[in-house]
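These notes are about the structure you will find just below.
Every chain is numbered from 1 and lettered A, B, ... according to where its sequence line falls, protein lines coming before strand lines.
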Number of protein chains: 2
Amino acid sequence: MKTSPPRPLRQVTARSSPTLEDLAVAAGVSRSTASRAINGGDRVSPEAQAAVDRAVADLGYIPNRAARSLVTRRTSSIALVIPEPDVRVMMDPFFAVVITGITEALRETDVQLVLLMSRTDDDSSRTLRYLRGGHVDGAIVVSHHKADSWARSLAETGLPTIFIGRPWDTTFDVTYVDTDNVGGGRLAAQHLAGIGRRRLATVAGPADMTAAVDRLRGWKAGLAEAGLPEGPVVHADFTTDGAAAAAHRLLAEDPDIDGIFAASDLMALGVLEALHAAGRTVPGDIALMGYDNHAVAETAATPLTTITQPMVEMAVKAGTMLLEEIEAPGSHPEPVIYSTELVERASTSVAPTASAANA
Amino acid sequence: MKTSPPRPLRQVTARSSPTLEDLAVAAGVSRSTASRAINGGDRVSPEAQAAVDRAVADLGYIPNRAARSLVTRRTSSIALVIPEPDVRVMMDPFFAVVITGITEALRETDVQLVLLMSRTDDDSSRTLRYLRGGHVDGAIVVSHHKADSWARSLAETGLPTIFIGRPWDTTFDVTYVDTDNVGGGRLAAQHLAGIGRRRLATVAGPADMTAAVDRLRGWKAGLAEAGLPEGPVVHADFTTDGAAAAAHRLLAEDPDIDGIFAASDLMALGVLEALHAAGRTVPGDIALMGYDNHAVAETAATPLTTITQPMVEMAVKAGTMLLEEIEAPGSHPEPVIYSTELVERASTSVAPTASAANA
DNA sequence: CGACAGCGTGAGAGCGCTCCCACCGGGTCT
DNA sequence: AGACCCGGTGGGAGCGCTCTCACGCTGTCG
């Protein structure tokens, strides 16, 4: 066009990819038409569409996402927010499973998954800033602790957000998916009662995590329904070592218990250790249950009876719900709760096992 | 300025975040100066800088990434590419560890991690398109199989790329980090030879994966150095079940072996099962080693002697190398190889263990 | 005392895209 | 027959940012 200015209008950078303009020229249509053809082809004649399609193939055209999202205010990406990725969270297959599920939900879309892990407080304010900055269209937050207060401020920004695991604070407008931890806890109580154990105890998780609280609640309810007393409750931090220590305390206070429900498989492992150290056999003297159906539950010295939960489905659901929420904001769907199932293994079998004979 | 056009120049969208222009006005400087102040503050007077800083805080200004990357051609994000996230890969803590490490490397930067998982061929061409589309500044590829041919085409696009795990094909210009799988295999041979085992066999991984091939190579070298014959080699697919089947074959062919090296802990678990099923004790009859120092190695019925590798460090290194490569393209650093260590547990202890008495 | 750096600054163009609007032409309705 | 609609199209503005360039202004040197 205006050739008068001395400096070149566009430096031909060596390996710059073709622009929409180039595409349009190649296809013999206008930039507008090319754009329409690319984006679903509404109000585009078949001929024009075909010409653009061919040009796309020829040029290897790939739309510039930055330019697009600059004007649409959409980024075609969502964030997976993982607060406090401590060792526990990381070693759980949980993490991998959540990612797999979300990826699965995203697979037919061109939405990308951005990972946001905040270890420190500093990180989490950065994370928050990032989320508020409009860098993603939505977020999935793996909720853990009572202390995740910023979850609330996040939700308040209006960014479409789905929580995986019920957040501690649900007084604000929040949608989440979760597994039925109450039901799982009840299942554990029912099972142990069902195999004739009567003096039951539990090693519960931290009192500031909804999953732990719910499992404990279900456990108590199950005991009550079975007509059994509530029995001793000790708390641990979802780690193997923590649970071992808790189990020792338990045995010291109530030496005659005959069944223990540990609120996670990793903790059950610790309990198992402690029981063996104390000379008790499993399940001979004490029947033991875990929770999660973690890989170690199956490979443990005494394979653990445990509770399994459809985590992949849950993550997929979180992904699809988020996509829907992004597509049609304002709809505030109900929480989705997935039910849990019992997985029976040797640690609660009635007959003594080989490893029980170990001790 | 030009008030003549009938339509408003800028629709005041309800909750649109402040722009650089707004910032500049608030700070009483020009857009250019505001921009400079934000980006390192080069050639900006202290007063202007202070004014901008204050305005940033007041307005809660967050730069629009899309606009920025539109002009800079930088996205401030990198991709983690995981080809074929099958069950095996997912259940490994490997996955989580890699992500943790990379996140760690990124933490002082504002670079974001985008996850690209391609399960199907269809996915992987999409992945490739995405990477070539300039949507990320670089990529870290978790390399697995011989068949990952597109890794090459990726590398050829000139996108800064680091492989985690030596790619099968290194004839092209490729930088990678890896653990010393050869050394690890050798360590296994040395250890088993060291405790007096003489008729050694291995359950190796798939022959199309570099990690498996390297471990096997190291194993053979170690045997040779110990003056032992090469012994039987069976291949399995890195799964527990596959390894169990392989172990059965092994026992059928060579009933008198007294030591087995499984190229992964998960496989060692399968071997352990098979041995017990065949009435062999571990380590009494047969000493057993795994590889990876997976969580199950410790919790297995007979805790496994295994090889540990600094995976987090490796992942961190991959991250920092990528950042460097992005910063200063063209530098083609040497591959970095991390050494491995032996972790001794009951499965190779000389004295028979309790669980050995099980069988 | 005039020329010349060089720092700090602002104007303006433009990154690649979408979207609004005006336009054209052929069918349909009154 | 004229008004109208509507599918298909192109022109043009503008998203929010960076970056080049030109312009003062102060200080320093010849």
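Residues Asp22(B) and Leu59(B) meet the side-chain proximity criterion, which asks for heavy atoms closer than 4.5 Å.
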Tabulate protein N/O versus nucleotide N/O from nucleotides 22-28 of chain C, keeping only pairs under 3.5 Å, one per line.
none

At a cut-off of 3.5 Å, list every protein nitrogen or oxygen paired with a nitrogen or oxygen from nucleotides 6-8 of chain D, distance to 0.1 Å.
unit_1	atom_1	unit_2	atom_2	d
dG7(D)	OP2	Arg43(A)	NH2	3.0

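Of the listed nucleotides (dC17(D), dC15(D), dG12(C)), dG12(C) has the atom at the smallest distance from the side chain of Ser32(B). You'll find that the side chain of Thr33(A) is closest to dG10(D), out of dC19(D), dG10(D), dC15(C). Side-chain atoms of Val29(B) lie closest to dG10(C) of the nucleotides dG16(C), dG10(C), dT18(D). Each of dT18(C), dT9(C), dG16(D) was ranked by its minimum atom distance to the side chain of Asn39(A); first place goes to dT18(C). Checked against dT18(D), dG11(D), dT18(C), the side chain of Ser30(A) finds its nearest nucleotide in dG11(D).
Atom C1' of nucleotide dT18(D) and atom CZ of Arg73(B) are separated by 12 Å, given to the nearest angstrom. Taking atom CZ of residue Arg74(B) and atom C1' of nucleotide dG16(C), one finds them 19 Å apart after rounding to whole Å. In this structure, Leu70(A) atom CG and dT18(D) atom C1' are separated by 12 Å, rounded to whole Å. In this structure, Leu23(B) atom CG and dG16(D) atom C1' are separated by 12 Å, rounded to whole Å.
If you take CD on Glu325(A) and OG1 on Thr320(A), they are separated by 12.0 Å, rounding to the nearest 0.5 Å. Atom CD1 of Ile82(B) and atom CG of Leu116(B) lie 9.5 Å apart (nearest 0.5 Å). Going from atom OG of Ser77(A) over to atom CG of Asp110(A) covers 10.0 Å, rounded to the nearest 0.5 Å. One distance of note links OH of Tyr176(A) with CD of Glu334(A); it measures 9.0 Å at 0.5 Å rounding. One distance of note links CD1 of Ile102(B) with CG of Leu113(B); it measures 5.5 Å at 0.5 Å rounding. To the nearest 0.5 Å, atom CD of residue Gln112(A) and atom CZ of residue Arg65(A) are 5.5 Å apart.
Side-chain N/O atoms of Thr19(B) include one lying less than 4.0 angstrom from OP1 or OP2 on dC17(D). Contact annotation: Tyr61(A) reaches the phosphate of dC17(C) (side-chain N/O to OP1 or OP2, under 4.0 Å). The side chain of Asn64(A) places no N or O atom within less than 4.0 Å of a non-bridging phosphate oxygen (OP1 or OP2) of dC15(C). Phosphate proximity of dC17(D) to Thr72(B): absent, as no side-chain N or O sits under 4.0 Å from OP1 or OP2.
The main-chain N or O of Arg74(A) is never found under 3.5 Å from a side-chain atom of Asp137(A) such that the two would form a donor-acceptor pair. Ser35(A) contributes no side-chain N or O that, together with a main-chain N or O of Arg31(A), makes up a donor-acceptor pair within less than 3.5 Å. Listed for the Ser124(B) side chain is no donor-acceptor partner under 3.5 Å among the backbone atoms of Thr127(B).
With DNA chain C read from its 5' end, the first of the two nearest nucleotides for Ala67(B) and Glu47(B) is the one closest to Glu47(B). Across the interface with DNA chain D, nearest-nucleotide mapping of Arg68(B) and Ala34(A) shows Ala34(A) to be the residue nearer the 5′ end.
Thr33(A) and Ser30(A) share a side-chain donor-acceptor pair at under 3.5 Å.
Checked for salt-bridge contact, Glu108(B) and Arg126(A) miss the test: no charged N lies under 4.0 Å from a carboxylate O.
When heavy atoms are screened at a 4.0 angstrom cut-off, Arg31(B) is found touching base atoms of the nucleic acid.
Each end of the helix from dC1(C)-dG30(D) to dT30(C)-dA1(D) yields a helix axis from five base pairs, and these two axes differ in direction by 50° (to the nearest 10 degrees).
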